[in-house]
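Some notes on the structure that comes next.
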Amino acid sequence: MIQTRDLSKVFRIGKKHKDEFTAVDGLTLDINQGEVFGFLGPNGAGKTTTVRMLACLIGATRGSARVAGFQVGKDDTEIRRRVGILTESPGMYERLSAEKNLTIYANLYGVPDTQRAVGKYLSILGLWERRMDPVGSFSKGMRQKLAVARALLHEPQVLFLDEPTTGLDPEAAKTVREFIEELKTEGRTIFLTTHNLDEADRLCDTVGIIKQKLLAVDSPKALRDKLFGRKSVFHLRTINPDWVGLVALQPGVNAVSQIGEKLVVSLSDPETQNPAIIKALVNMGAQIMFVGELRHSLEQVYLDLLYQGKEGGGQ
Amino acid sequence: MKRIRTIIDKEWAEVFKNRMVIMVMLVLPLIFTVMPLIMLKLTASTGMEGVDPASAGVPAKFLVSCSGMNAGECMQIYIVNQFLLMFMLMPLMIPVTIAAYSIVGEKTTRSLEPLLATPITTKELLTGKALAAVIPAALISIGAFALFALGLFVLGIAPMVRAYILSPTWLLAILALGPILSVISVMVAIFISSRVNDPRAAEQISGVLVGPMMIVLVLQLAGLVVIDVRFMLAAIVGCLLLAVGMVYAGAKLFQRETILTRWK
Ligand SMILES: Nc1ncnc2c1ncn2[C@@H]1O[C@H](COP(=O)(O)OP(=O)(O)OP(=O)(O)O)[C@@H](O)[C@H]1O
Ligand SMILES: [Mg+2]
């Protein structure tokens, strides 16, 4: 659905636009239909710039991209018809009512039954009651929801959501997140930028971490496993320090460490190796209370990738 | 076409909620319709029958316009000529106000980005914005002129003077030159508004538009220029070329990316 090859953007800045600034450098991505792709990166990493290039708002300096089957920079109007975008700031017409704002966009997108589409999304996002009020009187969360509605009016196959939950209270953020999950079940391709790593972890099939260049791209789980390996945690009633060395001798075990009454064991394939370790521990006389997997948060992955473990990533 | 209509509709819905814009659209026509009528009524001469227009004290060059009139009527059309020139301020200033508030408004609410993400072409967008400003300007100035003409009859202004005002020269000015001036002024306003962040500043800078008109006014007062049909036709052709050039330049200059990243 979305493919980029060496996509790059260089801005001309400074006096007389003489200096160059590379905002996005050689981005190559493949996003499948129905996938939720999370685009992560620090402020100024080039996320919004990438979204703008893919939504045909600004031109690429180098490289190419295809969106919804069309070439960016060539069939821009076709792409615009097929994508919806939630821009970084909602950009509503403040003096006009919520309904009027949406109606304008439905007309611009050439939606056949304007009234029905507007009514549908106003209701879904819980704004029906306030449809006649000027958007200027809306709270930030309501504007954001209205902007989400606006992005969906023409039933786009591809959705770009630039920080959909930033600045929303936990409840509003949850509504929006649940809505994104629902959109996903409808088979739409969603390109999401966010600073909320927990959100990305929960919503996204694939995440890409960018800082001018793409640093990593994979499913959150694969990134975690690749970076930190997999670890099983054995919670024991009491621990005997000798067991650390003994467990380390088991086949397939990469490393063992002791934390309190727990043994943390790095394994390449816990599903097949855990039973043998449990058996060995029981034979050594250990009382196992329970066994779990040590999960690294996506945040740890993110920090590790961006700062090579300098700021608390990894262990 | 539908998209252009949508843009115009949106501009009107939004911009006509702005008090400044409404003021300009109501006050200018009022001033320029009522003032000349009062002037004409007050100077309506008596006892001038048969007095040679040469004694009216108007510039010698202007006398050609006075053939068949008495001195009082000649004086009146000389005055009314200045007013009619002022009348042309309307097609110049109304579009500037509308466009300034519209574009600066789009910038401050950051509504251009979602707008540019729709399938609308930049040409449609600019056309819509321009028409949204030109149409009211044209309607208001033509309407105001119609009111003014009606006033001439109601107040019983001398037939010779009426005939002069409703001559091809000024009809061309109101019906043809006015709308063309509106196009020029809306383009200037768009260029300027894309650069500043205060609608009032945009309006003031666009005020340079009034310059050439003031020059004509002064030249006319000094008797160096006579506004007749020839002059008017020349002005129409000149302004039309300028307008076409500006629209062309606007379409060339304002690409999506420029609008998005440079209109700040
Ligand atoms: N029109 C522009 N001209 C010059 N530089 C720009 C322009 N737009 C963006 N940039 C620069 O490009 C870089 C990337 O910006 P971008 O908005 O894509 O970041 P981002 O990843 O979306 O950040 P954030 O998380 O803060 O939203 C920034 O350094 C920004 O200053
Ligand atoms: Mg951003």
Side-chain angles (χ1 to χ4, degrees), chain A residues 9 11-13 17 23 48-49 51-61 73 75-97 99-111 114 134-136 143 146-147 150-151 153-154 156 160 162, chain B residues 1-22 98 101-129 131-132 195 197 199 252-264:
Chain A
K9 181 71 186 180
F11 286 113
R12 305 205 148 266
I13 52 167
H17 308 299
T48 300
T49 303
V51 168
R52 286 180 169 175
M53 283 193 280
L54 294 176
C56 306
L57 284 164
I58 60 177
T61 320
D75 314 306
D76 287 2
T77 310
E78 293 304 318
I79 295 175
R80 288 191 194 109
R81 274 190 234 285
R82 289 169 177 77
V83 308
I85 179 169
L86 173 72
T87 46
E88 211 164 17
S89 49
M92 291 288 165
Y93 298 110
E94 310 259 310
R95 293 166 193 268
L96 306 183
S97 70
E99 189 174 34
K100 181 82 187 171
N101 265 285
L102 293 191
T103 307
I104 289 167
Y105 275 87
N107 283 328
L108 289 176
Y109 277 109
V111 173
T114 313
V135 176
R143 281 165 208 245
L146 191 62
R150 182 180 60 194
L153 287 169
H154 56 298
F160 293 101
D162 201 352
Chain B
M1 208 47 221
K2 186 177 177 202
R3 287 194 287 265
I4 296 178
R5 268 220 317 276
T6 306
I7 292 294
I8 295 176
D9 172 48
K10 174 230 124 195
E11 296 291 325
W12 288 353
E14 170 120 312
V15 127
F16 292 167
K17 285 206 172 82
N18 189 303
R19 252 188 281 134
M20 261 316 285
V21 176
I22 295 294
I98 297 178
Y101 276 90
S102 142
I103 287 177
V104 174
E106 296 263 23
K107 289 198 292 181
T108 46
T109 54
R110 295 167 183 251
S111 43
L112 279 166
E113 188 171 0
L115 191 60
L116 290 168
T118 69
I120 194 171
T121 63
T122 22
K123 280 204 186 89
E124 286 170 326
L125 178 63
L126 289 173
T127 309
K129 281 206 173 286
L131 285 179
R195 291 288 169 166
N197 280 323
K252 265 245 146 32
L253 213 62
F254 295 137
Q255 304 295 321
R256 260 181 165 70
E257 181 158 356
T258 323
I259 296 176
L260 194 67
T261 60
R262 298 239 199 285
W263 285 17
K264 279 184 180 155

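Every chain is numbered from 1 and lettered A, B, ... according to where its sequence line falls, protein lines coming before strand lines.
- For A:Tyr105, the part sitting under 4.5 Å from any heavy atom of chain B is the side chain, from C-beta outward, and nothing else.
- Neither the backbone nor the side chain of B:Thr121 comes within contact range of chain A; no heavy atom of the residue lies under 4.5 Å from a heavy atom of that chain.
- Separating the CD1 atom in B:Ile4 from the NZ atom in B:Lys123 is a distance of 11.0 Å, to the nearest 0.5 Å.
- Of all heavy-atom pairs spanning B:Ala117 and A:Tyr109, the tightest one is O-OH, 3.6 Å.
- Of all the listed residues (B:Ile259, B:Thr118, B:Ile7, B:Thr109), the one sharing the greatest number of non-hydrogen pairs under 4.5 Å with chain A is B:Thr118.
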Go through it in stages, so that I can follow the logic: the residues are B:Glu113 and A:Thr87, the test is side chain to side chain donor-acceptor pair (under 3.5 Å), and I'd like the CA-CA distance, side-chain angles, deciding distance and then a yes or no. CA-CA 7 Å; B:Glu113 188 171 0; A:Thr87 46; 5.0 Å; no
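- Only the side chain of B:Leu260 comes within contact range of chain A, with heavy atoms under 4.5 Å apart.
- Of the two parts of B:Leu112, neither the backbone nor the side chain holds a non-hydrogen atom closer than 4.5 Å to a non-hydrogen atom of chain A.
- Of all the listed residues (B:Thr108, B:Thr258, B:Leu115, B:Asp9), the one sharing the greatest number of non-hydrogen pairs under 4.5 Å with chain A is B:Leu115.
- In this structure, A:Leu86 and A:Ala151 approach most closely via the heavy-atom pair N-CB, 4.2 Å.
- With a threshold of 4.5 angstrom between heavy atoms, B:Lys2 approaches chain A through side-chain atoms but not through N, CA, C or O.
- Closest non-hydrogen pair, A:Pro134 versus A:Glu94, comes out as CB-O, 3.6 Å.
- Across B:Arg3, B:Arg110, B:Glu14, the residue that shares the most heavy-atom pairs under 4.5 angstrom with chain A is B:Glu14.
- Across all non-hydrogen atoms, the minimal contact from A:His154 to A:Arg80 is NE2-O, 4.2 Å.
- Only the side chain of A:Ile85 comes within less than 4.5 Å of a heavy atom of chain B; its backbone N, CA, C and O stay farther away.
- Side-chain atoms of A:Arg150 come within 3.5 Å of backbone atoms of A:Pro90 as a donor-acceptor pair (strictly under, hydrogens ignored).
- A donor-acceptor pair under 3.5 Å is formed between the side chain of A:Arg95 and the backbone N or O of B:Lys17.
- With a threshold of 4.5 angstrom between heavy atoms, B:Glu106 approaches chain A through side-chain atoms but not through N, CA, C or O.
- Each of A:Thr103, A:Leu96, A:Asp76, A:Asn101 has some count of heavy-atom pairs under 4.5 Å with chain B, and the biggest count is that of A:Leu96.
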